[in-house]
Protein chains: 2
Amino acid sequence: MALTREAIIEAGLNILDTYGLGDLSMRRVADVLGVQAGALYYHVPNKQSLLAALSDEIVRSVLPPSPDAEVDLWLTEWASGLRDALMSRRDGAEVVASSLAVGLGTQQPARQAEERLSAASMPHPEAIAATLLHFVLGHAVEEQTRGQMAELGIVEGGAPEEGAQRFSLGVKIIVRGAQTLAKEGC
Amino acid sequence: MALTREAIIEAGLNILDTYGLGDLSMRRVADVLGVQAGALYYHVPNKQSLLAALSDEIVRSVLPPSPDAEVDLWLTEWASGLRDALMSRRDGAEVVASSLAVGLGTQQPARQAEERLSAASMPHPEAIAATLLHFVLGHAVEEQTRGQMAELGIVEGGAPEEGAQRFSLGVKIIVRGAQTLAKEGC
DNA sequence: ACCTGAACACCGTTCAAGT
DNA sequence: ACCTGAACACCGTTCAAGT
């Protein structure tokens, strides 16, 4: 079977789910594919871009809420859809957060939200979308790492319900804030 | 001069400022101190805890706004004080963000804000403080990495004023949202 | 107690050489 | 064009041995 970029990405996602980001090395990806590490570099420029591709895959899996929904509801559903996508794979939040930080990755997670905000004639769509995105990412990273530490028994893992409530509270704060800003007329 | 935990932390901060997080290795810290890498492990359990100590140092440098200030103003000033601290050293935001993620580090960046919110009898102080913290961290990480990429000419580095405005907009959104939530009586 | 020297088990990346 | 084998220049961490 020919080595392809797609096969490399798939192997990367498998390692991510099974062993986590810490064990995701180019050599391990090559092992899974039964190939020498150097061979990967014929299909992928470097590790960072592979991680960006994995991030894109995660972000792409976010399905946008119905465009008929009112902005507030739409944003709330978008936020939880994004959260679900991040949580759907091991270390998913960290992969997306760090790929976003270095600015690689073709998928822009907040674009859908920006467009919905623009369509609703809200002021500063990019600022609102970015604020929501930063919160969702930060919260998901924290929740995901805390969960892993709880699994290892390093820290006692508070009720899972508490995390979900804190999440929806944060979203509510930001959505209400955006609302208020719009009413203030700036 | 005897090798101490303090000297190791100081050397770490120097390397961070001069060469960045990517070049901060235990071996390099040891080199700077004129010592073998293994010697560090007598004073510091591992690299992660050294990074947590650096994070603590950065967080500790945040000075709390005057307690006389009204909550809204206080939160706004706290957010920009935290941002300044994160931006004050190379990769500062990423160091704090990742140490916070893994849950090491004795300094809890959001504690001051939680206390101020409690003192003002605002509802859900932890949720509000966490939301603000996640935004400040996310924004600072993005701004800092984008700045470094601009230095390297990889990406054109939009106006620095735009970043500052987006920051204060995000803070405003969250502060207004917290206000609104409080008025709604929940 | 504190540090050296050397090792162990890894990394990401490059590149001549083969097919 | 695509992959192997082997190397380069690193890592974090451990640990016997020295002082």
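Because only heavy atoms are used, hydrogens play no part in the values below, and waters and symmetry mates are left out as well, while side chains stay in. Note on naming: letters A, B, ... go to the chains in the order of the sequence lines (proteins, then strands), and numbering restarts at 1 for each one.
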Handout entry: Interatomic distance at P, dC10(C) relative to dA9(D), whole Å
Key =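 About 22 Å, rounded to a whole number of Å.
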
Practice task
Please list all pairs passing the salt bridge (Lys or Arg N to Asp or Glu O under 4.0 Å) test where one or both residues lie in residues 70-87 of chain A, with sequence neighbours left out.
Solution key: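 Matches after skipping sequence neighbours: R83(A)-E143(A).
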
Exercise for the section: May I ask you to evaluate whether H43(B) reaches the phosphate of dC3(C), defined as a side-chain N or O under 4.0 Å from OP1 or OP2? Expected result: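 So the side-chain polar atoms of H43(B) do come within 4.0 Å of the phosphate oxygens OP1 or OP2 of dC3(C), strictly under.
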
Problem - Below 4.0 Å: OP1/OP2 of dC2(D) and any side-chain N or O of Y42(A) - result: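 Yes, Y42(A) has a side-chain N/O under 4.0 Å of OP1/OP2 on dC2(D).
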
Problem - Side-chain (H124(B)) to main-chain (L169(A)) donor-acceptor, under 3.5 angstrom - result: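 Not confirmed, H124(B) side chain does not pair with L169(A) backbone.
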
Practice task
Name all residues meeting the side-chain contact (heavy atoms from CB on, under 4.5 Å) criterion together with A164(A); count only those two or more places apart in sequence or in a different chain, and write none if there are none.
Solution key: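 None.
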
Handout entry: Sequence-distant partners of T180(B), side-chain hydrogen bond (donor to acceptor under 3.5 Å, both in side chains), two or more places apart
Key =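 For T180(B), the residues satisfying side-chain hydrogen bond (donor to acceptor under 3.5 Å, both in side chains) (neighbours in sequence not counted) are T180(A).
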
Handout entry: Sequence-distant partners of R89(B), side-chain hydrogen bond (donor to acceptor under 3.5 Å, both in side chains), two or more places apart
Key =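 With neighbours one apart ignored, the set is D17(B).
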
Exercise for the section: Quick one: the dot-bracket string of DNA chain C, using Watson-Crick and G-U wobble pairs with both distances under 3.5 Å, [ ] for crossing pairs and | for bases paired to another strand. Expected result: ||.|||||...|||||.||

Handout entry: Within residues 129-151 of chain A or reaching into it, pairs that qualify as ring-ring contact (aromatic ring centres under 6.0 Å, His included) - sequence neighbours excluded
Key =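 Passing the test, one end in residues 129-151 of chain A: H134(A)-F135(B), F135(A)-H139(A), F135(A)-F167(A), F135(A)-H134(B), H139(A)-F167(A).
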
Could you give the side-chain donor-acceptor pairs of residues 92-111 of chain A under 3.5 Å, partners two or more places apart or in another chain?
residue: S98(A); atom: OG; partner: E94(A); partner atom: O; Å: 3.0
residue: S98(A); atom: OG; partner: V95(A); partner atom: O; Å: 3.3
residue: S99(A); atom: OG; partner: V95(A); partner atom: O; Å: 3.4
residue: T106(A); atom: OG1; partner: D56(A); partner atom: OD2; Å: 3.1

Completion exercise
Heavy-atom contacts, protein to nucleotides 10-16 of chain D, under 4.0 Å, summarised as B (base), S (sugar-phosphate only) or - (none) per nt, yield -BBBB--

When the side chains of residues 21-29 of chain A are checked against the rest of the protein, which donor-acceptor pairs come out under 3.5 Å, sequence neighbours left out?
residue: S25(A); atom: OG; partner: R28(A); partner atom: N; Å: 3.1
residue: R28(A); atom: NE; partner: D23(A); partner atom: O; Å: 3.2

